[in-house]
Protein chains: 4
Amino acid sequence: MSKVRVAVAGASGYAGGEVLRLLLGHPGVEIGAVTAGSNAGERLGALQPHLLPLADRVLEPTTAEVLAGHDVVFLGLPHGQSGALAEELSSRDDRVVVVDCGADFRLEDAAAWEQFYGSAHAGTWPYGLPELPGNRDALRGARRVAVPGCYPTISSLALAPAVAAGLVVPDVVVVAASGTSGAGKAAKTHLLGSEVMGNASAYGVGGVHRHTPEITQNLGRLTPAEVKVSFTPLLVPMSRGILATCSAPLAAPVSAEEARAAYVKAYADEPFVHVLPAGQWPQTQAVLGSNAVHLQVAADEAAGRLVAVGAIDNLAKGTAGAAVQCMNLALGLDETTGLSTVGLAP
Amino acid sequence: MSKVRVAVAGASGYAGGEVLRLLLGHPGVEIGAVTAGSNAGERLGALQPHLLPLADRVLEPTTAEVLAGHDVVFLGLPHGQSGALAEELSSRDDRVVVVDCGADFRLEDAAAWEQFYGSAHAGTWPYGLPELPGNRDALRGARRVAVPGCYPTISSLALAPAVAAGLVVPDVVVVAASGTSGAGKAAKTHLLGSEVMGNASAYGVGGVHRHTPEITQNLGRLTPAEVKVSFTPLLVPMSRGILATCSAPLAAPVSAEEARAAYVKAYADEPFVHVLPAGQWPQTQAVLGSNAVHLQVAADEAAGRLVAVGAIDNLAKGTAGAAVQCMNLALGLDETTGLSTVGLAP
Amino acid sequence: MSKVRVAVAGASGYAGGEVLRLLLGHPGVEIGAVTAGSNAGERLGALQPHLLPLADRVLEPTTAEVLAGHDVVFLGLPHGQSGALAEELSSRDDRVVVVDCGADFRLEDAAAWEQFYGSAHAGTWPYGLPELPGNRDALRGARRVAVPGCYPTISSLALAPAVAAGLVVPDVVVVAASGTSGAGKAAKTHLLGSEVMGNASAYGVGGVHRHTPEITQNLGRLTPAEVKVSFTPLLVPMSRGILATCSAPLAAPVSAEEARAAYVKAYADEPFVHVLPAGQWPQTQAVLGSNAVHLQVAADEAAGRLVAVGAIDNLAKGTAGAAVQCMNLALGLDETTGLSTVGLAP
Amino acid sequence: MSKVRVAVAGASGYAGGEVLRLLLGHPGVEIGAVTAGSNAGERLGALQPHLLPLADRVLEPTTAEVLAGHDVVFLGLPHGQSGALAEELSSRDDRVVVVDCGADFRLEDAAAWEQFYGSAHAGTWPYGLPELPGNRDALRGARRVAVPGCYPTISSLALAPAVAAGLVVPDVVVVAASGTSGAGKAAKTHLLGSEVMGNASAYGVGGVHRHTPEITQNLGRLTPAEVKVSFTPLLVPMSRGILATCSAPLAAPVSAEEARAAYVKAYADEPFVHVLPAGQWPQTQAVLGSNAVHLQVAADEAAGRLVAVGAIDNLAKGTAGAAVQCMNLALGLDETTGLSTVGLAP
């Protein structure tokens, strides 16, 4: 089989670097252009020393000229840049697959977009979370993919079986602890090592985080009931990983076994989603570097709530792993090619 | 003023070590016996090298003989040992103040005790959280104090103003991220540095953590309504600190300003509880080593929930700081003596 | 090609777990028995949740019966157990390849063994550091391999070119900062997360660490001069990785360029050893999970010393990666099969 | 006693914040102006939330006008700014004590200054390391103090007794692992939490770090022999603390006991320097937040080297603690006022 030629825009950042890390282990691709904004002209090895086989690549500027001529283009760009670039690429070759790791095309509701992002809605692309009902078919053969946000990925997967099965009233509370790489590689004082080590903090509290409407959208497809989402992200002292604690009122009494059985059934055919054995709870270390999702669920009778906990690697299944998984679907490859369920621990 | 003579049982553990650290800065006390179980006979400096002024102290065995003859005895012991020891000490000197950092005497409800601890209820002592209505008076001049659990301390303080003011329906969800010192100093594989660094995990999910009934008890005193508590503790990669994210359904629409005003009012006279300025959210690093409590609150209109976030040092205000604060109250000293609101950061 | 059948003894520990992680990505092997000591009978998924494809394997006891019938057996056992087990396995099938991650067969000098380990010397097996002169040939087709210690691996590789080329007097000083996984998974108080986070410490200071004679042995093969090694290991707050700072007096003035050129030349054909471009210094994050060695060297004219810094993942190239690399050599496979030079960062 | 009025310039940075933290516990001072550069106009509480009692202070600009009228002025400023400011302050009140946490006035050798800092030498002020012979007297009543660099503080204290007693040839090797706060609070990509967690790296290798000539200067005062210093700083994943591993060739055979005795004797009267009991090695966690220095020493007969290991808190004894200690000496107060030997652990 001839290899698919792939370009990565935003290759000096965390999302772009992780896409490249995964592509280096993907048997069906050849890595073409690697581009950056202000880092264009630098050796990739100086910025991403872990990508040793690509160390001598020089970052090119992120332009349509440079990105043209590839079968797949991954975009890890600031908000608002993906749409025009994708159009320009398609005008040169309408078979190009554009996989956008940014937010521009994730939301269907223009009003929600405008409320949370403060700009005009650019549109909606097939949503890159194949494990939610209906999504996989839309991704097969797609020429555009909007990779989900990391928090919505794990929050939606942790709640979907309960919402879809009607086990809960969809008035959900999500508190998700994330490593710092989710905040990106731009130098900001509050993200300095000295500030984050030994420290846990909350941010975007009270429904203002931009991933809130995305969770609402995902769960809303699973139930006719009104979905409410209270979402609080936490920053904790680790580079990678998200642990999401998700709960909702039980619609009717259910045992822990019944709740867990619903989850096992929902994900029985999913290659990356794993409901842990009863009694074992997810931890982020077990999924680092992998595309795996670890889930567990409990029914708290006294509190009247179902509690589901999920772990992913925010850069892998939360971003770049999902991007590669969706590329595989778009190209008609085996969905798991180049992806692993084996984490790096300890 | 002659100094109060103080003994610390369990001085080789984290709670006992922190009590000693604080007592070393307390102008009104003299440190007497320091005792331990299996570590008796060792130099304190070998086990707690940060307590340099006490490095040459030798740990004595934890017995009534050794602990007798002190004005105050702090207990940092395994469950079930505090009651008999306290009785024995009082039989020798009925003026002795016993401050118990363990759980034995925290709960009023014998059935709840038995459900969560699986043993007979030992009784109830004055509850060492002076900031909750009614507690401070019971602690003044007390001869027994049950120091609260670290999670109940911050969860109760973060929710109390909203519950007491009727801003919320007391059907609360608490997700609290804790440093590892809360799990104690006993060698356990899952607490090894290699296991906890780069890792976030949930435990005690679904209402089974022993701090759950303590939160319920504290909030139950503030409202005639039935209190439900869904509590999930998380372990995150830091030694100290708890960040609690607490939410509950709004009883009626309320603005963020109104919610925050209720908190400011509730804690206006509290020396250790600080409601941060609007827009600033708690972080654990800011309270490390201090007795301070940092709080902030938001009203999420779309989700219909009030969200309060609080930070404490689990070993300080969450255990040893509260213990010293209560000792001050018991002895009639200024409540803040030897305690600080200044954290160690970065 | 039919797959090689491999067993791993000590599969619940860090070395065994890492061997399994790498073998899961090795196209030429089939994983047979996974065994443990006190953890025999447990699900592997409960102890190594990151090894998802093996989660349902049950640990068998570490006995010759269980380990027999495999082409390759990896041993991650306490000192003193490897020799008898290897003999027993060979007596059943003399073609079996035994790769020992322990120390028993690393040293040639019986007196050094006895001084540092306090027991009788068991013998010497081919030394699993193919990058040092002479070693690779001895490993091709070998039926026994002694995998080097993690500190000797990086210290020897960081100093070998300078010693072999006579750039330095072999009176070396090594200070190596290691993550905590090097200390293993046994529960010990001083390795608790609360003790190691926010903490750096030295141990085995003054030439008493058991890896000292191994470094001496490796460098001694490269020079007729007497080799002296001052080795100090540090424990720093991370799970994986070793950063070794190695220096020695310059034998004659040399420029940084000349020193670096000697390193580049020495490792020009090595697939895993990478001398970084001038001006770039090794960091452990860049090699996590990989078999890569990153090196850089400086000449400090004022101090009259050559300073070389090297980084490896202690569990990968420092243990399990080397083990797989040596298995490849022993079996006549491509040396790099199943191994990567791509690290997991950030 | 009337309180000394103190100003802190650079109060939004780590050094300035730590000076303020210590001053809040100093019974003899009153905190006056707190100033900053680009952060002037902000609430201190927004930038240093751990300094709760000062949260409502507003940062003023760092000018002579603002800093005038104080008895003591602490400077935590970029290189090159301290001299002119100090002169301006003295011209207004020649009794003002200026304590400079920067490097401008540490070196005596103008050529060394110019080589390492690339600018004209500003002069030399009394050197704020009272524990080295001769320094304390110069600091009593001083009106200017140059606070030492953090690496020189611990490296010099760890080597001084051996060099002064002639136990070693002063051809020293220092490898010092530091927390990230030593690099300051300016936002830089390589200091992001995602980059430093799980990572150890070397920098300034080969004698180019600016603290090298300061170590040489300090040791040079203790011996007529030529001093050579090979210094390598490491960045390890913690916020605070330096662990320095320092070695030098033994001048003649010496036992570990003899070496340790020389250290005990040298520091017998020092309130902050503590030589640990034989067999116990320094760790940074034990000194966090304190002004304590923990030392231990070994004699490695086989390697022919003395190895000393020392730990300090880089922000406390390494910067702000030394600054307060020197202020005490300058003002004729007890040298230990407001300073502690009790660390914050775990």
Side-chain angles (χ1 to χ4, degrees), chain C residues 171-175 177-179 192-203 205-208 212 216 228-232 234-243 245 247 249 256 281-286 288 296-309 311 344-346, chain D residues 171-175 177-179 192-203 205-208 212 216 228-232 234-243 245 247 249 256 281-286 288 296-309 311 344-346:
Chain C
D171 180 2
V172 310
V173 175
V174 175
V175 179
S178 174
L192 287 174
S194 304
E195 300 290 311
V196 299
M197 290 186 285
N199 202 5
S201 58
Y203 66 103
V205 187
V208 302
T212 309
T216 308
K228 290 186 186 176
V229 174
S230 169
F231 170 56
T232 307
L234 313 179
L235 205 62
V236 299
M238 57 192 196
S239 289
R240 288 181 178 234
I242 297 181
L243 187 88
T245 303
S247 69
W281 287 87
Q283 47 183 293
T284 59
Q285 203 188 51
L288 292 189
Q296 186 55 284
V297 63
D300 183 341
E301 193 184 343
R305 295 185 84 87
L306 179 143
V307 186
V309 176
L344 185 72
Chain D
D171 180 1
V172 309
V173 175
V174 175
V175 179
S178 173
L192 287 174
S194 303
E195 301 290 311
V196 299
M197 289 186 286
N199 202 6
S201 58
Y203 66 103
V205 187
V208 302
T212 308
T216 308
K228 289 185 187 177
V229 174
S230 168
F231 169 56
T232 307
L234 313 179
L235 204 63
V236 299
M238 56 194 197
S239 288
R240 286 181 180 236
I242 297 181
L243 187 87
T245 302
S247 70
W281 288 87
Q283 48 183 292
T284 59
Q285 204 187 52
L288 292 190
Q296 186 56 283
V297 63
D300 183 342
E301 195 184 343
R305 296 185 82 88
L306 178 142
V307 185
V309 177
L344 184 73

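Reminder, nothing fancy here: chain letters follow the sequence lines and each chain counts from 1. These numbers come from a predicted model, not from an experiment.
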Engineer: Select, from D/P237, D/G207, D/A299, the one with the greatest count of heavy-atom pairs under 4.5 Å involving chain C.
Structural biologist: D/P237
Engineer: Is the side chain of C/T284 donor-acceptor paired with the backbone N or O of D/A200 at a distance under 3.5 Å, no angle test?
Structural biologist: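 Yes.
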Engineer: Can any side-chain N or O of D/Q285 pair as donor or acceptor with the backbone N or O of C/S201 at less than 3.5 Å?
Structural biologist: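 Between the backbone of C/S201 and the side chain of D/Q285 there is no qualifying donor-acceptor contact (under 3.5 Å).
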Engineer: Report the option among D/G179, D/G304, D/G241, D/A303 that has the most heavy-atom pairs separated by less than 4.5 Å from atoms of chain C.
Structural biologist: D/A303
Engineer: Would you mind telling me which of D/V236, D/V205, D/V196 has the largest number of heavy-atom pairs within less than 4.5 Å of chain C?
Structural biologist: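 So the answer, after comparing D/V236, D/V205, D/V196, is D/V205.
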Engineer: Minimum heavy-atom separation for C/S194 to D/P346, with atom names?
Structural biologist: O-CB, 3.4 Å
Engineer: Measure C/A311 against the heavy atoms of chain D and call it side chain, backbone, both or neither at under 4.5 Å.
Structural biologist: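 Neither part.
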Engineer: When heavy-atom pairs shorter than 4.5 Å are enumerated against chain C, which of D/V208, D/V173, D/V172 gives the highest number?
Structural biologist: D/V173
Engineer: Side chain to side chain contact (heavy atoms under 4.5 Å, CB included) between D/N199 and C/M238: does it pass, once the steps are laid out?
Structural biologist: CA-CA 7 Å; D/N199 202 6; C/M238 57 192 196; 5.6 Å; no
Engineer: Chain C: which of D/V175, D/L306, D/V307 shares the most heavy-atom pairs with it under 4.5 Å?
Structural biologist: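 With the most close heavy-atom pairs to chain C, the winner is D/V175.
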Engineer: Under a 4.5 Å cutoff for heavy-atom pairs, which residue among D/E195, D/R305, D/K228, D/Q283 has the most contacts with chain C?
Structural biologist: D/Q283
Engineer: Given the options C/T212, C/L243, C/L288, C/T216, which has more heavy-atom pairs under 4.5 Å with chain D than any of the others?
Structural biologist: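 The option with the most such pairs is C/L243.
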Engineer: Which region of D/S230, side chain (C-beta onward) or backbone (N, CA, C, O), has a non-hydrogen atom less than 4.5 Å from a non-hydrogen atom of chain C, or is it both or neither?
Structural biologist: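 When you check distances to chain C, atoms from both the backbone and side chain of D/S230 fall under 4.5 Å.
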Engineer: Heavy-atom distances under 4.5 Å only: say whether D/L192 touches chain C with side chain, backbone, both or neither.
Structural biologist: neither
Engineer: Under a 4.5 Å cutoff for heavy-atom pairs, which residue among C/V309, C/T245, C/V297 has the most contacts with chain D?
Structural biologist: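 Greatest number of close heavy-atom pairs with chain D: C/T245.
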Engineer: About how many Å separate OG of C/S239 and CE of D/M197, when rounded to the nearest 0.5 Å?
Structural biologist: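 Rounded to the nearest 0.5 Å, the CE-OG separation comes out at 12.0 Å.
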